[in-house]
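A short write-up of the structure that comes next.
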Amino acid sequence: MNRKEIQIPNFLKKAFSGRNAVISIPYIWLLLLFLLPFIFVLKISLAEPILAIPPYTSFFKWGESWLPTIQGSLDSYLFLFSDSLYINAYLSSLKIAIISTILTLIIGYAIAYSVAKAPTRWRGILLMLVILPFWTSFLIRVYAWIGILKTEGLLNLALISIGIIDKPLTIMNTDLAVYIGIVYSYLPFMILPLYANLEKMDMSLLEAAADLGCRPFKTFWTVTIPLSLPGILAGCFLVFIPVMGEFVIPDLLGGTNTLMIGKVLWTEFFYNRDWPVASAVAIILLALLVVPIMLYQRAQEKAIS
Amino acid sequence: MSENTPVSPWLDSTQKPYIQIENVTKKFGDFTAIDNLTLDIYKNEFFSLLGPSGCGKTTLLRMLAGFEKITDGKILLDGEDISEIPPHLRPINMMFQSYALFPHMTVEKNIAFGLKQDKMPENLINQRVEEMLELVELTDFAKRKPNQLSGGQSQRVALARSLAKRPKLLLLDEPLGALDKRLREQTQFELMDIQEKLKVTFVIVTHDQEEAMTVSSRIGVMDSGNLIQVATPAEIYEAPINKDVADFIGDVNLFKGIYKGQNEIGTQLLSDDSNSIVYATQKVDVAIGNQLWFALRPEKLEISKRLPKNEHNILKGTIEDIAYGGSFSTYHVKLENSTILKAIRANRERTKEHHLTWGDEVFLQWAPHSAVVLLS
């Protein structure tokens with residue numbers, strides 16, 4: 001029984017304890033897949049475009065001295081502000097994101113509410129139907145909308161055949177088509193957090209409100225809505241943030257007039273091959289989105305406390 | 001009690017009932033929750049609906065509040081048929097079992113909620129809220145949110161909120177169920193005080209028979225959608241109408257046997273348990289040879305080691321178990337045919353001399369007028 005144990009220093013034991021190892025996984029994940037790429041993009045945004053591979057100047061220049069000299073410029077950022085195209089694209093994205101978030105909220109709330117109020121045995125099936133579209137590729141579903149919305153598409157054919165219109169409507173390649181596409185695609189992201197919230201809401205609160213003389217409609221505004229605020233916020237941010245940078249839907253369904261920053265970014269990157277400007281566009285978009293994300297964080301903290 | 005309300009309005013045929021539940025039936029699909037129930041409740045009563053879970057007491061309460069539609073029959077409040085009036089228009093408030101306080105509103109906003117719906121002027125609302133907070137002694141907690149309150153405080157906020165509108169009728173659904181025993185007992189007395197102070201008619205649902213006994217003017221014992229007995233707590237306890245009620249309210253010893261007729265002592269029963277004749281003063285109107293039950297409360301059984309002087313109602317047994325309850329002890333006495341009877345004796349002596357202990361041979365004896373004769 002004279003087994004010698006290998007002595008491990010205490011701080012190492014602590015650092016590699018199972019607990020810390022588990023906790024560190026998300027940090028490592030974020031570091032490798034979020035922070036590191038972000039630093040690359042930031043670095044590229046400060047470089048200048050050149051005709052080379054990769055098509056930008058290097059950030060660090062190794063000279064005679066031990067330390068490299070930093071070669072950065074804010075030209076790309078200044079360029080964004082000098083051309084109204086970019087500002088307009090940001091504003092237009094913001095407008096589209098806000099309007100489509102509101103539309104998604106209204107439709108999503110109605111759906112989430114009716115699912116949450118449905119008999120228990122139906123809820124699972126109804127929720128399944130909400131998630132079902134995810135089983136088909138997002139791209140295919142957006143393409144399918146082209147078939148529905150185009151001039152000789154399903155919608156126009158149906159409307160003409162039942163005699164509501166006699167000339168086909170122009171929906172395809174307009175902002176309306178973009179809204180339809182966005183609302184359709186992002187609806188589940190709104191419904192799921194709202195449902196999770198509404199489903200666990202204490203129904204006796206609604207009865208208490210009625211008992212105290214509150215009409216059903218007013219109860220909805222004074223009790224249901226305030227109590228579902230965490231769900232509303234979660235759903236809105238889950239829709240708003242990705243829609244801000246949305247590229248596929250405006251590209252496929254929108255027209256040349258539909259200006260969205262995601263499309264501009266794509267053009268800069270693949271068409272103009274101006275990586276620094278494309279990166280600057282991305283960095284500013286991120287900066288703009290940090291504001292709502294922080295607001296969301298604060299709302300969540302408030303909800304927890 | 002106000003001057004114009006007699007102490008027992010239900011005994012006075014000139015009194016008009018305040019709430020009239022007339023032949024009410026409630027069905028959920030095929031299931032009949034309330035079966036053709038009729039009940040009158042009088043003004044300023046503290047009426048308890050008591051029964052095991054699933055007996056329909058909560059359904060009846062929810063029909064009074066308007067949350068459940070009546071399948072058949074009608075409910076009148078102060079002479080007015082309220083059966084079709086939606087809950088938000090009824091002059092009835094309810095205190096929910098879960099309290100159902102609005103978590104996003106402070107205590108004072110919760111209490112003011114009902115008053116705001118009535119478009120009461122702001123200054124009157126504030127005044128009433130203050131009044132209610134004083135009533136439930138929560139003035140210092142006005143700005144708290146429900147999640148910052150203890151169970152007892154939440155219970156009082158719920159009570160204040162349901163009373164703020166001065167309802168004609170207050171419904172209480174297991175109002176003290178979530179409180180611990182000590183707080184519950186204290187709150188029972190508070191409830192009674194408040195009820196007397198505000199002169200509101202209370203209908204309370206409970207499964208706790210002690211609570212019902214303490215607070216009620218009358219108790220309605222329910223089982224499977226029917227009212228079995230409606231009476232004062234003392235009547236329910238001392239004169240239950242059948243063995244289910246006797247068994248549900250308090251502890252009881254039931255003797256099953258065959259009716260052997262009357263003699264000068266009273267009703268004779270050939271008890272299955274002791275195989276001897278036992279007596280009760282109460283008379284019955286059934287044929288000799290019918291099956292009967294005697295119900296005897298444990299505190300009415302005298303237990304002693306010496307043979308009592310009386311000649312009847314004496315049973316012999318051995319102490320099987322003792323539950324020491326401080327002020328009294330409950331003895332489980334096993335008869336020769338192994339039936340177990342419960343007897344309660346007050347612990348008057350501090351010393352051990354007169355104590356009964358496990359395995360002691362004892363005699364049980366009762367006065368004929370202590371037993372209740374039950375036909376079913």
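Because the structure is a prediction, the values reported are computed rather than measured. The chains referred to below are lettered A, B, ... by the order of the sequence lines, with proteins before strands, and numbering in each begins at 1.
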Using a 6.0 Å cut-off, check whether atom CD of Gln148(B) has over 12 heavy atoms from anything other than its own residue. yes

Backbone N/O of Glu45(B) and side chain of Gln195(B): donor-acceptor pair under 3.5 Å: yes

Cation-aromatic face contact Arg156(B)/Phe141(B), 6.0 Å, 45 degrees: no

How about His207(B): does its NE2 atom have over 12 heavy atoms from other parts shown lying under 6.0 Å from it? no

When you check the gap from the basic side-chain N to the acidic O, do Glu80(B) and Lys168(B) get nearer than 4.0 Å? no

Tell me, side chain or backbone of Asp202(A) under 4.5 Å from chain B's heavy atoms, or both, or neither? side chain

Residues of residues 184-193 of chain A within contact distance of chain B, non-hydrogen under 4.5 Å: none

Cut-off 4.5 Å, heavy atoms of chain A, and the answer for Phe102(B) is both

So which atom in Thr32(B) and which in Lys27(B) form the shortest heavy-atom distance, rounded to 0.1 Å? OG1-CE, 3.6 Å

In Lys57(B), Glu68(B), Lys69(B), the residue satisfying side-chain contact (heavy atoms from CB on, under 4.5 Å) with Arg62(B) is Glu68(B)

Side-chain donor or acceptor of Thr59(B) paired with backbone N/O of Ala33(B) under 3.5 Å: no

Residue among Pro103(B), Ser98(B), Ala65(B) with most heavy-atom pairs under 4.5 Å to chain A: Pro103(B)

Judged by atom type as modelled, is there a donor-acceptor pair below 3.5 Å linking the side chain of Asn93(B) to the main-chain atoms of Leu163(B)? no

I need the single residue from Leu286(A), Val239(A), Leu94(A) that forms a side-chain contact (heavy atoms from CB on, under 4.5 Å) with Met244(A). Which is it? Leu94(A)

Per-residue tally against chain A (heavy atom, under 4.5 Å) across Lys116(B), Arg90(B), His104(B) peaks at His104(B)

Any residues in residues 215-227 of chain A near chain B, with a heavy-atom distance under 4.5 Å, and which are they? Arg215(A), Pro216(A), Lys218(A), Thr222(A), Val223(A), Pro226(A), Leu227(A)

If you count heavy-atom pairs under 4.5 Å between each of Gly66(B), Pro91(B), Ala100(B) and chain A, which one has the most? Ala100(B)

Using a heavy-atom cutoff of under 4.5 Å, enumerate the residues of residues 95-103 of chain A that contact chain B, numbered in order, or state 'none'. none

For Leu115(B), is it the side chain, the backbone, both, or neither that has a heavy atom closer than 4.5 Å to a heavy atom of chain A? neither

Proximity breakdown for Ile92(B) and chain A, heavy-atom pairs closer than 4.5 Å: backbone

Listed by number, the residues in residues 107-127 of chain A that come under 4.5 Å of chain B (heavy atom to heavy atom) are none

Measuring heavy-atom distances to chain A, does Met95(B) have an atom under 4.5 Å in its side chain, in its backbone, in both, or in neither? neither

Between Phe28(B) and Lys26(B), is there a cation-pi geometry (under 6.0 Å to ring centre, at most 45° from the normal)? yes

Under 3.5 Å: donor-acceptor pair, side chain of Asp118(B), backbone of Met120(B): no

Any sub-3.5 Å donor-acceptor pair from Asp211(A)'s side-chain atoms to Met94(B)'s backbone N or O? yes

Is it the case that atom CE in Met203(A) sees more than 12 heavy atoms from other parts of the structure closer than 6.0 Å? yes

